Amino acid sequence: MSVFNTSAVLDTRKVLTGKDGALYNDEGVMLATMESFTSQVNITNAKYQPLGDMQEHEAPQSYSVSLTFSQIVIEDDAFIIELFEAMQNHTMPSWNFQGVVKGRNGSEQRMNYRSCVPTGTIDLQNLTVGDIIKRNWNLTVNEPPALQSLLTA
């Protein structure tokens, strides 16, 4: 009997702990007040079915990239100040970020997110009894993300 998967069982020494990443602003300053961040791509396809073909097909139509993060409110006011100033001036802010995840072996995955603008719901104030006060942000990334480096095994 032949085994298809000849790779070793997952080496847990290489698994990330969730504390090995950071979000940086465009000046390279780490935004240490971020509790978490996520970037995602949403791909939309156009469906079509040529005459005489039973199978439905899809062709790429568009994509959008989102960046979401959770910020500890009491430690950093820069984003909310810029957002309130923008609402008063009737023009939304645009930010640039770098997302970095570090591997245990010293390798690093780094992505650049440019022209990030607020979208959807952003927490202005919220309170949960006995919890750290956090603000959730949702941004759309208006330029294609740039991959600078990948993690290595």
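Since the structure is predicted, the reported quantities are computational estimates derived from the model, not experimental observations. When reading the values below, keep in mind they use all heavy atoms of this one structure, side chains included, and skip hydrogens, waters and symmetry mates.
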Item checked: Geometric class of the F79/W95 ring pair [parallel <30°, tilted 30-60°, perpendicular >60°] -> perpendicular
Item checked: Flag side-chain contact, heavy atom, 4.5 Å: P50 against H57 -> yes
Check: Just by distance, with hydrogens left out, do N25 and E27 show a side-chain donor and acceptor under 3.5 Å apart?
Finding: yes
Notebook entry, point to check: Between the main-chain N or O of N126 and the side-chain N or O of D123, is there a donor-acceptor pair closer than 3.5 Å?
Noted result: no
Note to self: Can you give me the closest heavy-atom contact between A86 and P93, atom names plus distance?
What the structure shows: CB-CD, 3.3 Å
Next item on the list: Show your working on side-chain contact (heavy atoms from CB on, under 4.5 Å) between Q98 and R110 and close with a plain yes or no.
Entry: CA-CA 7 Å; Q98 287 186 357; R110 185 176 292 262; 2.4 Å; yes
Note to self: Quick one, L151 with V101, criterion side-chain contact (heavy atoms from CB on, under 4.5 Å). Give me CA distance, side-chain angles, the key distance, then yes/no.
What the structure shows: CA-CA 8 Å; L151 291 171; V101 177; 4.2 Å; yes
Margin query: Looking at Q88, I want to see if its CD is surrounded by more than 12 non-hydrogen atoms of other residues, nucleotides or ligands under 6.0 Å.
Written below: no
Check: Honestly curious: do M30 and L67 fall in one hydrophobic cluster under the side-chain, below-4.5 Å linking rule?
Finding: no
Note to self: Main chain of Q55, side chain of D53: is a donor-acceptor contact present, judged purely on distance under 3.5 Å?
What the structure shows: yes
Check: Mind checking whether I133 and L127 have side chains closer than 4.5 Å, heavy atoms only?
Finding: yes
Next item on the list: First locate atom OG of S36, then atom CG of L23, and finally report the distance between them rounded to the nearest 0.5 Å.
Entry: 10.0 Å
Check: Are V117 and L124 in one and the same hydrophobic cluster, where Ile, Leu, Val, Met, Phe, Trp and Tyr link if side-chain heavy atoms are under 4.5 Å apart?
Finding: no
Item checked: Heavy-atom side-chain proximity of Y48 to E56 below 4.5 angstrom -> no
Item checked: Value rounded to 0.5 Å, distance of CE in M111 from CD in Q148 -> 10.5 Å
Checklist line | Interatomic distance, S94 atom OG to L139 atom CG [nearest 0.5 angstrom] | finding: 9.5 Å
Next item on the list: State yes or no: do V65 and L147 share one hydrophobic cluster built from I, L, V, M, F, W and Y residues joined by side-chain heavy-atom distances below 4.5 Å, directly or via other members?
Entry: yes
Margin query: In the structure I gave you, are the side-chain heavy atoms of S39 and V141 within less than 4.5 Å of one another anywhere?
Written below: no
Margin query: Between T140 and S66, does the side-chain contact (heavy atoms from CB on, under 4.5 Å) criterion hold? Intermediate values first, please.
Written below: CA-CA 5 Å; T140 293; S66 64; 5.6 Å; no
Checklist line | Cationic tip of R114 above F97 ring, under 6.0 Å, 45° of axis | finding: no
Notebook entry, point to check: Tell me, do V100 and Q109 make a side-chain contact under 4.5 Å, heavy atoms counted?
Noted result: no
Item checked: Residue pair R135 / Q125, side-chain heavy-atom distance below 4.5 Å -> no
Check: With a cut-off of 6.0 Å (strictly less than), are more than 12 heavy atoms of other residues, nucleotides or ligands near CD of Q49?
Finding: yes
Item checked: Gap separating the CH2 atom of W137 from the CD1 atom of I122, nearest 0.5 angstrom -> 5.0 Å
Check: Can you list the steps and then say if L83 with M92 is a side-chain contact (heavy atoms from CB on, under 4.5 Å)?
Finding: CA-CA 7 Å; L83 180 63; M92 284 295 110; 4.0 Å; yes
Next item on the list: Nearest 0.5 Å please: distance from the OG atom of S70 over to the NZ atom of K134.
Entry: 5.5 Å
Notebook entry, point to check: Got a second to check how far I43's CD1 is from S64's OG, nearest 0.5 Å?
Noted result: 9.5 Å
Check: Any chance the side chains of S115 and E143 put a donor and an acceptor closer than 3.5 Å?
Finding: yes
Item checked: N142 side chain vs C116 backbone, donor-acceptor pair below 3.5 Å -> no
Next item on the list: Decide yes or no for I132 and I72: does some side-chain heavy atom of the first lie under 4.5 Å from some side-chain heavy atom of the second?
Entry: yes
